[in-house]
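Reminder, nothing fancy here: chain letters follow the sequence lines and each chain counts from 1.
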There are 2 protein chains.
Amino acid sequence: MARKTEAILTSARTLFLERGYDATTLDDVAAASNVAKTTVYNNFRDKEHLFSEVIESITARSTVILAALEEPLFSDSPVEDRLIEFGNRLVTGVLQPSVIQLRRLAIAEAPRFPELVTRFWSHGPGRTTELLARALREADSRGELRVPDPNAAALVLAYTLLGAALDRALMVQGAHMSPSDITAHVDHSVAAFLRAYAR
Amino acid sequence: MARKTEAILTSARTLFLERGYDATTLDDVAAASNVAKTTVYNNFRDKEHLFSEVIESITARSTVILAALEEPLFSDSPVEDRLIEFGNRLVTGVLQPSVIQLRRLAIAEAPRFPELVTRFWSHGPGRTTELLARALREADSRGELRVPDPNAAALVLAYTLLGAALDRALMVQGAHMSPSDITAHVDHSVAAFLRAYAR
DNA sequence: CTCATACTGTACTGGTCGGTCCAGTACAGT
DNA sequence: ACTGTACTGGACCGACCAGTACAGTATGAG
């Protein structure tokens with residue numbers, strides 16, 4: 001019983017991410033889930049509710065993804081190494097095609113599902129900079145950096161790292177960065193950040 | 001004759017920006033232009049072509065908008081003042097509701113109109129960082145800053161300035177920054193940038 | 001005055017899609 | 001064996017919408 005619900009949710013996620021909200025048909029969702037359309041309606045009130053649950057389920061999982069970013073941030077290696085490792089994971093993560101698709105979807109449907117997308121933002125991008133701010137505050141108190149305003153500094157570093165790549169990936173199809181492009185960019189960004197916030 | 005074309009283009013632009021591609025009806029466009037639907041089809045082959053011309057017309061105008069950014073960048077005031085003025089204009093400009101709508105539209109339709117959106121990106125965001133890179137190269141050669149890689153540095157500054165605000169504005173409805181928020185953020189960003197790229 | 005061109009308004013076609021209905025089937029727990 | 005619940009598959013409704021057809025009107029150039 002719950003297996004069907006799960007199957008529907010999974011294929012709905014794939015289809016919504018690939019085609020967007022309007023272009024995704026509930027007939028397609030049913031077919032992709034090997035389920036009758038009626039079953040879709042037995043498990044979800046309507047298309048909007050299905051979409052909401054898809055996004056909510058992704059939002060819920062984002063906590064897990066953030067853990068992978070948190071780890072290098074609070075290790076005992078030098079600040080520079082910590083930030084570079086964090087930067088590499090952040091950029092490679094955010095540039096993954098499915099993540100780009102998700103962002104595109106969220107942005108496109110923000111006017112139609114304001115609260116939903118806001119909640120998604122808070123649990124994803126929002127949390128990331130909070131995390132970084134905490135790490136920077138700690139680095140400051142350890143005397144590794146001089147960061148009087150950790151929140152502002154976290155925004156600076158986070159968006160220095162992925163602003164350009166993100167903006168481009170969202171609009172320019174097939175604008176992939178090679179791993180070496182990424183490390184070069186991360187190195188440059190972290191170096192600039194360290195110069196700006198050195199003790 | 002061309003007056004009708006212009007009227008259609010104008011109301012189509014408004015509607016596409018407000019509602020997105022799918023949700024905009026050609027009946028609505030015709031009504032908003034005070035024109036018969038047939039006239040729309042006499043002036044534009046079909047919906048996709050109309051949309052393309054709307055985006056192209058915006059792309060074409062973007063050169064004019066960039067001029068307002070260029071001005072403070074090449075004045076003879078101190079670097080800091082130049083960058084702060086540039087930053088304020090850039091951020092306030094990009095955060096304007098219509099510009100956010102445009103970005104949302106471009107991102108949402110990037111998969112459907114890849115070449116079109118790529119062209120838009122090159123003429124808008126792409127050109128902006130090129131412009132900034134030129135200014136930074138000049139500042140370097142004047143000895144005001146030390147910028148070995150002007151392109152990379154331009155990305156750092158540009159997205160430090162607007163990455164966070166942009167990301168948030170695209171997803172969180174009604175997340176407006178007050179003018180004082182903007183200047184505070186710009187001041188912080190430019191200060192950090194100057195520390196990182198001081199001579 | 002004339003004729004071509006652009007425009008109007010409305011009705012229509014054809015297709016899509018969200019959502020419902022229904023008759024029948026698989027299968028659980030009791 | 002009995003009953004409730006979930007599922008199937010396919011037909012169906014109603015609305016919407018891109019694009020066309022058509023008969024008639026305004027207008028401006030020669």
Could you check which of [options] has an atom nearest any side-chain atom of [X]?
{"X": "B:T25", "options": "D:dC17, D:dC7, C:dG19", "result": "D:dC17"}
{"X": "B:Y41", "options": "D:dG19, C:dT8, C:dC7", "result": "D:dG19"}
{"X": "A:N42", "options": "D:dC7, C:dC17, D:dG9", "result": "D:dC7"}
{"X": "A:K47", "options": "C:dC17, C:dG19, D:dA18", "result": "C:dG19"}

For [X] and [N], give me the distance from atom [atom1] to atom [atom2], rounded to whole Å.
{"X": "A:F16", "N": "C:dG18", "atom1": "CZ", "atom2": "C1'", "answer": "12 Å"}
{"X": "A:D27", "N": "C:dG18", "atom1": "CG", "atom2": "P", "answer": "7 Å"}
{"X": "B:Y21", "N": "D:dC17", "atom1": "OH", "atom2": "P", "answer": "13 Å"}
{"X": "B:L15", "N": "D:dC17", "atom1": "CG", "atom2": "C1'", "answer": "15 Å"}
{"X": "B:D46", "N": "D:dC17", "atom1": "CG", "atom2": "C1'", "answer": "14 Å"}
{"X": "B:K4", "N": "C:dT5", "atom1": "NZ", "atom2": "P", "answer": "19 Å"}
{"X": "A:L26", "N": "D:dC12", "atom1": "CG", "atom2": "P", "answer": "21 Å"}
{"X": "A:N43", "N": "D:dT8", "atom1": "CG", "atom2": "C1'", "answer": "14 Å"}

(request) Ignoring hydrogens and angles, answer whether the base of C:dG19 and the side-chain atoms of A:K37 contain a donor-acceptor pair closer than 3.5 Å. (result) yes

(message) Should the side chain of B:T38 and the base of D:dA21 be counted as holding a donor-acceptor pair, with the cut-off at 3.5 Å?
(response) yes

(message) Hydrophobic clusters here meaning ILVMFWY residues chained together by side-chain heavy-atom distances under 4.5 Å, can you tell me if A:Y41 and A:F51 are in one?
(response) yes

(request) Verify the distance criterion only: is there a donor paired with an acceptor across the side chains of B:D181 and B:S178 at less than 3.5 Å? (result) yes

(request) Classify the ring geometry between B:F113 and B:Y21 as parallel (under 30°), tilted (30 to 60°) or perpendicular (over 60°). (result) perpendicular

(message) Donor-acceptor pair, distance only, cut-off 3.5 Å: does the side chain of B:R103 make one with the backbone of B:L170?
(response) no

(message) Please check: side-chain N/O of B:T24 versus main-chain N/O of B:L15, any donor-acceptor pairing under 3.5 Å?
(response) yes

Quick one: label [X] by what it contacts on the DNA or RNA (base, sugar-phosphate, nothing), any heavy atom closer than 4.0 Å.
{"X": "A:T24", "value": "sugar-phosphate"}
{"X": "A:D22", "value": "nothing"}
{"X": "B:N34", "value": "sugar-phosphate"}

Does [N] have a Watson-Crick or wobble mate here (both distances under 3.5 Å), and if so which one?
{"N": "C:dT30", "answer": "D:dA1"}
{"N": "C:dC7", "answer": "D:dG24"}
{"N": "C:dG19", "answer": "D:dC12"}

